[in-house]
Structures are given as structure tokens and as C-alpha cells.
Amino acid sequence: MMNSHPLPSDNDVMTFGIIGLGYVGLPLCVEAAENGALKVIGFDVNEQVVESVNSGCSHIQDLTDYQVRSLRNRGLIEATCDMSRLAECDAISICVPTPLSKTRDPDVSYISAASDAVAATLRPSQLIVLESTTYPGTTREVLKPKLESTGLVVGEDFYLCFSPERVDPGNKTWTTKNTPKVIGGLTKACGDIGQSFYEQFIDKLVRVSSVEAAELTKILENTFRAVNIGLVNEIALIADRLGVDVWETIDAAATKPFGFMKFLPGPGLGGHCIPVDPHYLSWKMRTLNYKTRFIDLASEVNSEMPMFVVDKVREVLSQHRVSMNGSGILLLGIAYKSDVDDIRESPALDVMQLLQEDGADVRYHDPYVPKLPWKGAELSSEELTDTVFSWADCVVILTDHSCFNYEEIIDRAKAVVDARHAAFGAGVAIADGDSWIAKS
Ligand SMILES: NC(=O)c1ccc[n+]([C@@H]2O[C@H](COP(=O)([O-])OP(=O)(O)OC[C@H]3O[C@@H](n4cnc5c(N)ncnc54)[C@H](O)[C@@H]3O)[C@@H](O)[C@H]2O)c1
């Protein structure tokens with residue numbers, strides 16, 4: 001344990017505390033324990049999560065039970081609900097959720113609660129790093145006052161940084177270790193110490209001059225995606241009215257070797273980050289009397305996409321002389337993107353809701369989501385049996401999981417709306433001139 005400086009000396013094994021053991025926190029725990037020669041303690045308010053980690057199981061799809069179990073067996077990782085044990089940690093990273101409230105304003109209550117827990121045991125020389133995505137100003141305006149209410153001074157007694165997480169669930173190439181990590185400190189000493197700490201287990205650190213620059217960097221990355229997806233979704237709406245295949249157009253544009261970056265249209269934005277994070281910046285800028293026009297417009301276009309998909313379903317049904325009201329609709333894929341089990345903000349849920357409002361009987365199939373909490377009940381993923389295919393008046397591909405057999409789906413379904421262009425991509429669509437309808 002260090003006395004004045006939280007970097008390890010030859011004899012020390014540092015203790016790294018990670019608050020929030022979700023999609024971000026648990027991979028960080030494993031990376032730090034595997035590569036950092038650190039002892040890692042994971043903190044979570046959810047007892048089931050803590051028990052699962054302590055029994056050597058992973059509740060995060062990208063990590064295997066074996067990875068967690070072998071670190072547990074070697075005594076390098078443990079989990080606890082006991083926040084008083086934050087006192088044992090030399091460095092603490094906060095990876096708690098940052099959702100939107102019902103009024104779509106930032107909900108930083110999880111960050112506040114975690115900061116209160118850190119403040120309760122704060123001691124000299126600790127390094128505290130916020131990793132949760134949030135609006136510029138959070139580290140300085142929310143964390144710093146709470147931590148300094150202890151009488152300890154940032155940059156002198158303890159060190160405070162913001163370093164956003166960039167994990168991309170399901171991505172086998174870019175992991176926590178080899179994805180460059182941005183970091184900014186409240187003071188120069190904070191940034192120096194934070195950078196040295198993460199360099200123990202992350203390949204490349206990118207230092208910026210302030211916590212606000214680090215906070216804005218993360219929101220820029222996610223806003224860049226939200227706005228570009230909004231742009232291609234609008235081009236998709238335009239192309240549809242022009243009778244042009246938007247995917248063919250995008251593929252052709254992407255042959256330009258410079259100055260074009262490929263984004264794809266689809267049923268709408270999903271996941272915990274892209275649909276949510278830009279609104280953190282919008283909210284912050286509203287407090288400064290500035291309207292974030294690109295963010296607002298992209299959000300408007302992206303949120304029209306589920307209805308666009310439902311209109312395609314209605315079109316296909318009417319070709320078969322079937323009314324939406326009373327029809328059977330099978331959704332293929334409920335997760336927000338391919339090959340993950342995450343349903344947060346998934347546009348498939350919006351499509352399901354809209355179809356039900358129009359009187360359709362909706363079922364789903366998703367091997368990654370065997371159970372789906374829905375309106376106080378629980379739905380189960382359907383098996384792809386002959387009975388289900390003959391029940392469904394239309395199948396809607398909403399998530400392009402790589403395990404789907406598109407040839408079989410086209411063969412067995414009466415009609416297929418393809419919101420991911422997956423059956424077309426697999427070369428099995430029976431096209432009728434509409435690039436969203438793979439079988440009419
Ligand atoms: N999921 C991603 O792909 C991703 C990528 C980059 C950044 N982020 C950001 O990282 C942050 C965490 O996201 P996530 O997807 O890991 O969330 P998550 O919901 O998967 O996990 C958060 C965990 O924090 C726990 N928790 C909540 N409040 C707590 C508290 N006061 N003390 C201790 N534990 C607490 C929850 O029980 C949960 O296990 C968010 O700000 C998110 O925007 C997420």
C-alpha cells in the first residue's frame with residue numbers, strides 16, 4: 001500500500017477498486033487483474049452480480065466463466081457490496097450507469113451515490129477516476145465538491161481524473177486493453193498519476209489537458225455515430241421515396257478511397273450509449289442557452305425509423321390482403337445489435353410496441369435473448385418451427401445475428417421485411433424492387 005503516491009513500487013501490489021460490475025466494469029476488472037499485476041476488488045449494489053463474480057461466473061457475454069474463475073482462484077479478483085472496503089483501494093474507477101430520466105435529462109444519481117461512497121472512505125493518496133459517460137463538467141461539478149467535503153484537497157491529497165470507457169461489446173478485435181484510452185486530470189498531478197496507473201494494463205493512453213476535454217471527447221465519439229446514422233437513415237427515407245436501393249448507393253459511395261465513411265441505415269438507434277449520450281450534451285448546452293441542432297435533428301430522424309419499418313410491414317401485409325390488426329408478426333432479433341444479448345434502448349422494442357398498438361400479435365426469436373420482460377410479463381424466444389413460420393404473416397429481420405440462416409428464413413417465411421439488409425447481404429432475398437422487403 002502506498003503512502004503518498006498511488007503508483008506501485010517494486011514491493012507493492014496495488015489494490016484497484018471498480019464500482020459497477022456491468023458491461024464496462026467487469027471487463028475492466030479482468031483486464032486489470034490479468035495484465036496489471038493488481039489486486040482487484042469489484043463493488044456493486046446488486047448482490048446477485050457480486051455472488052456471480054465471487055462464484056467464478058461471468059454475467060457479461062464478452063467474458064468467459066473461465067476468465068473470471070481463474071482470476072478468482074488466483075486471488076486476484078473479488079466482488080463485494082461492502083462499500084466501506086473502498087478504503088482498501090489505492091485507485092478507484094467509477095463505472096456506474098448514466099441513463100436518461102423520464103424527461104430525457106441526465107440521471108447522474110448513480111454517479112452521485114458512487115461518489116458519496118468514495119467520499120465516505122476517502123484517504124490521502126487515492127486515485128479516483130470517473131469512467132461513466134457523462135456531460136462535460138460532471139467530474140468538476142459533482143465529484144470534486146463531494147470528495148473535497150472530506151477536507152482533503154484534489155491534486156494534493158488525492159487525485160481525480162475522467163477517463164471514458166470505449167468498450168464495444170461483441171467486438172473481438174478492439175478490447176479494453178488495445179483500445180487507446182483518453183484521460184484528463186483535474187490538475188496536472190492528477191493526470192500524470194492517472195495516466196501512469198492505466199499504463200500498467202492498457203496499451204496506449206491519450207492524455208488531454210482537462211477533465212472537460214476528456215468528457216467531451218467521449219460525447220463527441222458517440223454524437224458522431226448518432227449524427228452519421230441519422231444522416232444515412234434520412235438518405236434511406238429519401239432513397240425509398242425515389243425508389244432507389246439505399247444500400248447499393250452506400251456501397252457505391254464507400255468505394256471512394258477518401259473522404260467517405262460508411263454508416264448503415266436500420267430500424268433505429270439502440271444500446272446504452274449512442275441513443276443516450278448525445279442528450280447529456282444537449283442538456284448541458286441548454287443550461288448555457290445553446291441548442292444542439294445536429295443532435296436534435298439526428299435524434300428526430302433516428303426515432304422515425306421504427307415507424308418506417310412498421311409501414312413496410314403494413315405494405316407487405318396488404319400485398320397479401322392481410323390486415324395489420326390481427327396479423328401474426330415474428331420479429332427476428334431483439335438485441336440492439338448483432339451477436340450481443342443487450343436489449344437496452346433496442347429499436348426492436350419500439351417496433352414491437354408500434355405493431356402491438358396496431359393490433360398485431362407479435363412474437364420474437366432471438367437466441368441471445370431467451371426471455372424478454374415486457375409490460376409486466378415475460379415473453380420467451382420462439383423456436384423457429386414450421387408452426388411458427390406458418391403462424392407468422394410476416395417475419396421482420398431487426399437484428400442481423402450472424403447465427404441466423406437467412407436462406408432458410410426466406411424459404412420458410414410467407415413474407416420478410418429486412419430492416420438490416422441481411423438477407424440481401426446473404427444473397428438470398430427474393431427482391432421485388434424494394435430494398436427493405438426481402439420476400440413479398
Ligand atoms: N455498455 C457499453 O457498451 C458502454 C461503453 C462505453 C461506456 N459506457 C458507459 O459506462 C457506464 C456503465 O455502463 P454499463 O453498460 O457497464 O452499465 P451496466 O448497467 O451494465 O452496469 C452498471 C453496474 O453498476 C452497478 N451500480 C449501480 N449503481 C451503483 C452504485 N452506486 N454502487 C455500485 N454499483 C452500482 C449496477 O448494479 C450494475 O451492475 C455508463 O456511463 C455507460 O454509458 C458503456
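Any value given below was found using the heavy atoms of this structure, including those in side chains, with hydrogens, waters and symmetry copies removed. Atoms within each ligand, like the ligands themselves, are counted from 1 in listed order.
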* Which of these passes side-chain contact (heavy atoms from CB on, under 4.5 Å) with V118: L143, L160, I19? -> I19

Show me the donor-acceptor pairs, under 3.5 Å and distance only, between side chains in residues 210-219 and residues at least two apart or in other chains.
residue: S210; atom: OG; partner: A213; partner atom: N; Å: 3.0
residue: E212; atom: OE1; partner: R140; partner atom: NH2; Å: 3.1
residue: E212; atom: OE2; partner: R140; partner atom: NE; Å: 2.6
residue: E215; atom: OE1; partner: G137; partner atom: N; Å: 2.6
residue: E215; atom: OE2; partner: T138; partner atom: N; Å: 3.4
residue: E215; atom: OE2; partner: T139; partner atom: N; Å: 2.8
residue: E215; atom: OE2; partner: T139; partner atom: OG1; Å: 2.6
residue: T217; atom: OG1; partner: A213; partner atom: O; Å: 2.6
residue: K218; atom: NZ; partner: E165; partner atom: O; Å: 2.8

* Among residues two or more places apart or on two chains, list those pairs meeting ring-ring contact (aromatic ring centres under 6.0 Å, His included) that have a residue in residues 57-83. => none

* Any salt bridge between D192 and R207, counting N to O under 4.0 Å? -> yes

* **Residues in the immediate environment of ligand 1 (any heavy atom closer than 4.0 angstrom)** => I19, G20, L21, G22, Y23, V24, F43, D44, V45, N46, M83, C95, V96, P97, T98, Y110, A113, A114, S132, T133, E165, V167, P169, K218, H272, C273, R344

* Asked: Taking 4.0 angstrom as the limit, do D277 and R225 come out as a salt bridge?
  -> no

* Just jot down the side chain to side chain donor-acceptor pair (under 3.5 Å) partners of K262, sequence neighbours excluded, or say none. => D251

